[in-house]
Asker: 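What follows is a structure written as structure tokens; I'll ask about it next.
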Amino acid sequence: LAGVFGALTAAMAAAEDSLKPYTVVGDAIVAPLTGTKGDPARGRAIVGNRAVGLCLLCHPGPFPEERMQGTIGPDLGGAGTRWSEGQLRLKIVDARRLNPETIMPPFHRIDGLERVPAAWRGKPLLSAEQIEDVVAFLVTLRE
């Protein structure tokens, strides 16, 4: 039993280490999670990837090559005009901080979640680097 508890504690500590600390200021996380800005090209690839970002399952956007885009989330087109970089970062990290009733999953939180598939327990959906890449891409969407 002690061995199982020790392994569980180590796994939880490793998962917590994968989360980057952040500070919410008003309705935003102003500072990048990684200390540096992300790469917009990598961000676009994440947004369009139905196995990684999953963004297009709920959101439509300016991606003519992508079929069957979602309709329940706001259009990603013009996201960089409607929201600041920090606001976008908080929406992706944990949109429930802004709207407790949202159905958008928290992409960089692991605590307090229910019905999480076994493969994802203790792991954020996106790394801090991936979040910064997505933010870097979304701020370029001005129309």
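The figures that follow rest on heavy atoms only: side chains count, while hydrogens, waters and symmetry mates do not. Index from 1, following the sequence. Just so you know, these numbers come straight off a predicted model, no measurement behind them.
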Asker: Group every Ile, Leu, Val, Met, Phe, Trp and Tyr by side-chain heavy-atom contacts under 4.5 Å, then state whether V134 and L19 land in the same group.
Answerer: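 No, no single cluster joins them.
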
Asker: Could you give all pairs that pass the salt bridge (Lys or Arg N to Asp or Glu O under 4.0 Å) test and reach residues 28-57, with sequence neighbours left out?
Answerer: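 Qualifying pairs: K37-E85, R42-D133, R44-E65, R50-E66.
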
Asker: Could you pull out all residues at least two apart from V25 that satisfy side chain to side chain contact (heavy atoms under 4.5 Å, CB included)?
Answerer: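 Counting only residues at least two positions away or on another chain, V25 forms a side chain to side chain contact (heavy atoms under 4.5 Å, CB included) with T23, V30.
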
Asker: Tell me whether I110 is reachable from W120 by hopping between hydrophobic residues (I, L, V, M, F, W, Y) whose side-chain heavy atoms are closer than 4.5 Å.
Answerer: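 The answer is no; the residues belong to distinct hydrophobic clusters.
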
Asker: Where the side chain of H108 meets the backbone of K20, is there a donor-acceptor pair that is under 3.5 Å apart?
Answerer: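 It does hold such a pair.
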
Asker: Filter on side-chain hydrogen bond (donor to acceptor under 3.5 Å, both in side chains), then keep only pairs touching residues 69-80, sequence neighbours left out; what's left?
Answerer: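 Residue pairs with at least one partner in residues 69-80: there are none.
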
Asker: Between atom CG of L98 and atom CH2 of W83, what is the distance when rounded to the nearest 0.5 Å?
Answerer: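 One gets 10.5 Å once the value is rounded to the nearest 0.5 Å.
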
Asker: So which heavy atom on G73 is nearest to which on P60, and how close?
Answerer: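 Distance-wise, the nearest heavy atoms are O-CD, 3.5 Å.
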
Asker: Where is the tightest heavy-atom contact between G77 and R82, given as atom of each residue plus distance?
Answerer: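 Taking every non-hydrogen atom into account, O-NH1, 2.7 Å.
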
Asker: Considering residues at least two apart in sequence or located in another chain, which fulfil the side-chain hydrogen bond (donor to acceptor under 3.5 Å, both in side chains) criterion with N49?
Answerer: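 If we apply the side-chain hydrogen bond (donor to acceptor under 3.5 Å, both in side chains) test to N49, skipping adjacent residues, there are no hits.
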
Asker: First locate atom CZ of F107, then atom SG of C55, and finally report the distance between them rounded to the nearest 0.5 Å.
Answerer: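 So the CZ of F107 and the SG of C55 are separated by 5.5 Å.
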
Asker: Name all residues meeting the side chain to side chain contact (heavy atoms under 4.5 Å, CB included) criterion together with T102; count only those two or more places apart in sequence or in a different chain, and write none if there are none.
Answerer: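 For T102, the residues satisfying side chain to side chain contact (heavy atoms under 4.5 Å, CB included) (neighbours in sequence not counted) are A95, R96, N99, M104.
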
Asker: Check whether any side-chain heavy atom of V52 sits under 4.5 Å from a side-chain heavy atom of Q130, and report yes or no.
Answerer: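 A side-chain contact under 4.5 Å exists here.
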
Asker: Between V93 and P106, is there a side-chain heavy-atom distance shorter than 4.5 Å?
Answerer: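 Not touching, per the 4.5 Å side-chain cut-off.
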
Asker: Between L57 and F63, is there a shared hydrophobic cluster once you connect ILVMFWY residues whose side-chain heavy atoms come closer than 4.5 Å?
Answerer: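 Shared cluster, no.
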
Asker: Output the distance between atom CD1 (I29) and atom OH (Y22), rounded to the nearest 0.5 Å.
Answerer: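 Answer for the CD1-OH pair, I29 versus Y22, is 5.0 Å.
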
Asker: Search all heavy atoms of P40 against all heavy atoms of T140 and return the closest pair with its distance.
Answerer: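 Looks like CB-CG2, 4.3 Å.
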
Asker: To check you understand the geometry: which heavy-atom pair defines the closest contact between V47 and L56, and what is its length?
Answerer: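 Where V47 meets L56 most closely, the heavy atoms are O-CG, 3.6 Å.
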
Asker: Distance from I92 atom CD1 to I46 atom CD1, nearest 0.5 Å?
Answerer: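 Rounded to the nearest 0.5 Å, the CD1-CD1 separation comes out at 9.5 Å.
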
Asker: Answer yes or no: is there a side-chain heavy-atom contact under 4.5 Å between R89 and P32?
Answerer: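 Result yes, sub-4.5 Å side-chain heavy-atom pair found.
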
Asker: Quick one: NZ on K91 to CG on D27, what's the gap to the nearest 0.5 Å?
Answerer: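 So the gap between those two atoms works out to 8.0 Å.
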
Asker: Side chain of H59, backbone of P74: donor and acceptor closer than 3.5 Å?
Answerer: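 Pair found, side chain donor or acceptor close to backbone of P74.
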
Asker: Kindly state each residue pair satisfying salt bridge (Lys or Arg N to Asp or Glu O under 4.0 Å) with at least one member in residues 100-110, sequence neighbours excluded.
Answerer: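 Matches after skipping sequence neighbours: D94-R109, R109-D111.
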
Asker: Please determine whether the number of non-hydrogen atoms from other residues, nucleotides or ligands lying under 6.0 Å from atom CZ of R67 exceeds 12.
Answerer: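 No.
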
Asker: Tell me, with the steps shown, if V24 and R97 meet side chain to side chain contact (heavy atoms under 4.5 Å, CB included).
Answerer: CA-CA 9 Å; V24 176; R97 296 283 300 256; 3.4 Å; yes

Asker: With a 4.5 Å cut-off on side-chain heavy-atom distances among I, L, V, M, F, W and Y, is there a chain of contacts connecting L138 to L125?
Answerer: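 Yes, because L138 and L125 connect within a single hydrophobic cluster, where side-chain heavy atoms sit under 4.5 Å apart.
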
